[in-house]
Asks: 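Sharing a structure with you now.
Labels below follow one simple rule: chain letters A, B, ... track the order of the sequence lines, proteins then strands, and each chain is numbered from 1.
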Amino acid sequence: MKIHNQFKDEVTTAVRGALREMDAPDIAFVTEVPDNADLAVPCFTMSKELKMPPKNIAEKIAENIKPTGLITAVSAMNGYLNFTIDQKILITDTLNDIIESGDGYGSLPYNGKKINLEHTSTNPTGPIHVGRARNPVIGDTLARCLVRCGYEVTTEYYVNDVGKQVVILTWGVNNLPKESVVEEERDKTDHKLVAYYRLANKMMEEDPVVQEQISEMLRKFEAGDQNVISHVRETAEEMLEGLKETLEQINVTLDRYTWESDFIADGTARKVVEELKKSEYAGQTEDGSWYLDLKDFGIQGKNTKFTFTRADGTTLYTTRDLAYHLNKFKRCDIAIDVLGEDQKLGSKQLCSALEILGCDKKPEPMFYSFVALPEGKMSTRRGVVVYLDDLIDEAVDRAYEEIRKRRSDIPEDKMKDIARSVGIGAVRYNIIRVHPDKQFVFKWDEALNFDGNSGPYLQYVHARACSMLKKAGEYKHDTDASKLTDELEINLVKALSKFENITRLAGEEKRIHMLPAYGHEVSVAFNQFYANVPVLSAGDSRDARLTLVECTRTVLKNILTCLGMESPEEM
RNA sequence: GGGCUCAUGGUAUAGCUUGGAUAGCAUAGGGGCUUCCGGAGCCCUAGACCCGGGUUCGAAUCCCGGUGAGCUCACCA
């Protein structure tokens, strides 16, 4: 990557020099990376000032530039200046860099900044369903990218163990006999408990006595009844164990779990209320509830009020979330929240309230749209869901079938391991490859896509490379560019050289969907090389080509790791 | 009703922030490739920027207005 920056510098300097010759030293221009050159400068913007057609400008500048350093050729075409990089230096440099850096290739140096990345944080009222499954996958992938960008990252799950939903669940668990709920097949706490949640909801709607019991429980909870609070906490903890198991299945583990009820217990939510009341934006309704009027903070709509206490003075979710964020900022430089699109307004209100509280930091939200079923929105309460656990199982099963179709030489347990890697890889890849803003409808065939632009395609290339290296046995690293002259080899090296830039885009700019696209680009380049260039029987070029294969393997493994996918050596 | 987001071949998706040279990729369709390192592969072919204005030498990209979809506007979490 360094070489690309250097190349860009040299091109900029050369163009600037040529323009000086043309008596236009201050004219502005940009560089871009096109398909048909290594770097290009469009000359259209200079047209007015130089009073010349872009085509002539490009030709004139090209005449004034002599290839030096990394620039081996300049040409003018259709009003563009096209520059060609010294391929020999690019090849040798890139391959040496990959060999030296290994796992660290494509990473940026440690920058000492602490990032707290909150993701998943689903309500502990039922198993994770695919409607929300983007959250852990996006969060975990972004965390991995940020680590590679040099940050110190802590991932965190905010557990909502306060409020009506968890109270309903707890009432169900404490009052409903085991025989009365419809048993879920799966032996996991989240699947077992959700049955109580559903029945409790149904009974609450139909039976006023139940409704009163739940209301009573909620009142006790609000009043600080330790017995009720700890029951709820225990239930939430039990549910969370099931959620953690699911997350582990898709290679997601979080560093820290923070409980919402802690901000009531330690009094910080109360403190936030007291601070907000002092604000000039604060007001109180006739009933006694407190709010902030955020109309001066760009909040639109028929109601610009942001309520932060109930009439009885108790705190709301949003108040506790404020306390939580203040707490977070004590522990990090940058806070990132991965949130569903339904949180957009809430997140904006949170930021405004933080500003009012005099907090100079704001969380950076990253939103994703929900995944719906063809028949509509998913709902845990109504039982209209596809669970993430079921998606994982189905993916692993399909991967197993594929492996069994083509391999008879692998022992059963190893086949199972590979199937797991491939199935989960397919699921994660298919979630990350689309832009988070894009809403999508869940379809089994698309979620389980195994060929073309898919996770297994990348893993397949990795496995192919591994297989070759294994067959090759001993060889010496050879980065002599004169032995790698095939167009397909050069194309592959160029793809490998872009990794650092992609890491930066994926992390710093949170464009994590660049990662699968890049992995696919590298894989295509490798498959084309593989299909047309012999390696093991290559004579003089054998070592150099094996080195290229090894470097591709290294880069692919790094991409896969960044995507939270395994890199099986065979499949 | 207000706000935010999305709209690209049959299907799915990239490019939009920072406007530029033939709009990329995948899948389904049609045709081809296995003497040789793994055919979950490779090659060829056909097919798309929601509609209408505007800005510009130049618009998928920026602006305005439509249309359609999602989310949102709680003393819920």
Asks: How is A:Ser537 classified with respect to the nucleic acid when contacts are heavy atoms under 4.0 Å: base, sugar-phosphate, or nothing?
Replies: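 Answer is nothing: A:Ser537 stays at 4.0 Å or more from every strand.
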Asks: Figure out the CG/P separation between A:Leu448 and B:A40, and round it to whole Å.
Replies: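 A:Leu448 atom CG is separated from B:A40 atom P by 19 Å.
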Asks: So, is A:Arg464 close to the B:G39 phosphate, meaning a side-chain N or O under 4.0 Å from OP1 or OP2?
Replies: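 Affirmative; the distance criterion is met.
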Asks: Look at the side-chain N and O atoms of A:Ser289 and state whether any lies under 4.0 Å from the OP1 or OP2 oxygen of B:C75.
Replies: no
Asks: What nucleic acid atoms does A:Pro54 come within less than 4.0 Å of, heavy atoms only: base, sugar-phosphate, or nothing?
Replies: nothing
Asks: Within the structure shown, what part of the strands sits under 4.0 Å from A:Arg511 by heavy-atom distance: base, sugar-phosphate, or nothing?
Replies: base
Asks: Exactly one of A:Arg464, A:Arg406, A:Lys414 should register a salt bridge (charged side-chain N to carboxylate O under 4.0 Å, His left out) with A:Glu570. Which one does?
Replies: A:Lys414
Asks: By the 4.0 Å heavy-atom rule, please label A:Val535 as base, sugar-phosphate, or nothing.
Replies: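 Base contact.
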Asks: B:A77 phosphate, OP1 or OP2: any side-chain N/O from A:Arg310 under 4.0 angstrom?
Replies: yes
Asks: Is A:Tyr460 close enough to B:A40 that one of its side-chain N or O atoms is under 4.0 Å from OP1 or OP2 there?
Replies: yes
Asks: Under 4.0 Å, counting only non-hydrogen atoms across every strand here, what does A:Lys377 touch: a base, just sugar-phosphate, or nothing?
Replies: sugar-phosphate
Asks: How is A:Phe367 classified with respect to the nucleic acid when contacts are heavy atoms under 4.0 Å: base, sugar-phosphate, or nothing?
Replies: nothing
Asks: Can you tell me if A:Gln528 touches the phosphate of B:C43, counting only side-chain N or O atoms and a distance under 4.0 Å to OP1 or OP2?
Replies: yes
Asks: Just N and O in the side chain of A:Ser369: are any of them under 4.0 Å from OP1 or OP2 of B:U5?
Replies: no
Asks: With both distances kept under 3.5 Å, what pairs with B:G41, Watson-Crick or G-U wobble?
Replies: B:C33
Asks: Does A:Arg406 make a side-chain N or O approach to OP1 or OP2 of B:G39 shorter than 4.0 Å?
Replies: no
Asks: Tell me whether the OP1 or OP2 atom of B:C57 has a side-chain N or O from A:Lys48 closer than 4.0 Å.
Replies: yes
Asks: Give the rounded distance in Å between these two atoms: CD of A:Gln349 and P of B:C75.
Replies: 11 Å
Asks: Ignoring hydrogens and geometry beyond distance, is the side chain of A:Asn82 in donor-acceptor contact with the base of B:A21 at under 3.5 Å?
Replies: yes
Asks: What nucleic acid atoms does A:Ala40 come within less than 4.0 Å of, heavy atoms only: base, sugar-phosphate, or nothing?
Replies: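 It contacts base atoms.
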Asks: Describe, in one word, how the ring planes of A:Tyr281 and A:Phe297 are oriented to each other, choosing from parallel (under 30°), tilted (30 to 60°) and perpendicular (over 60°).
Replies: perpendicular
Asks: Say you pick atom C1' in B:C16 and the same atom in B:U72; how far apart are they, in whole Å?
Replies: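 Each nucleotide's C1' atom is 25 Å from the other's.
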Asks: Determine: side-chain N/O of A:Lys438 to OP1/OP2 of B:A7, distance under 4.0 Å, yes or no.
Replies: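 Affirmative; the distance criterion is met.
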Asks: Heavy atoms under 4.0 Å, any strand shown: does A:Val162 hit a base, just sugar-phosphate, or nothing?
Replies: sugar-phosphate
Asks: Roughly how far apart are A:Phe440 CZ and A:Tyr368 OH, rounded to 0.5 Å?
Replies: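 These two atoms lie 11.0 Å from each other.
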Asks: Is there a donor on the side chain of A:Asn453 or the base of B:C25 sitting less than 3.5 Å from an acceptor on the other?
Replies: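 Answer no: no donor N or O sits under 3.5 Å from an acceptor.
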Asks: What nucleic acid atoms does A:Asp287 come within less than 4.0 Å of, heavy atoms only: base, sugar-phosphate, or nothing?
Replies: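 Result for A:Asp287 = base.
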Asks: Quickly work out the A:Glu521 CD to B:G15 C1' distance and round it to whole Å.
Replies: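 Distance check: A:Glu521 CD to B:G15 C1' gives 13 Å.
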Asks: Would A:Asn527 and A:Tyr457 count as having a side-chain donor-acceptor pair, cut-off 3.5 Å?
Replies: yes
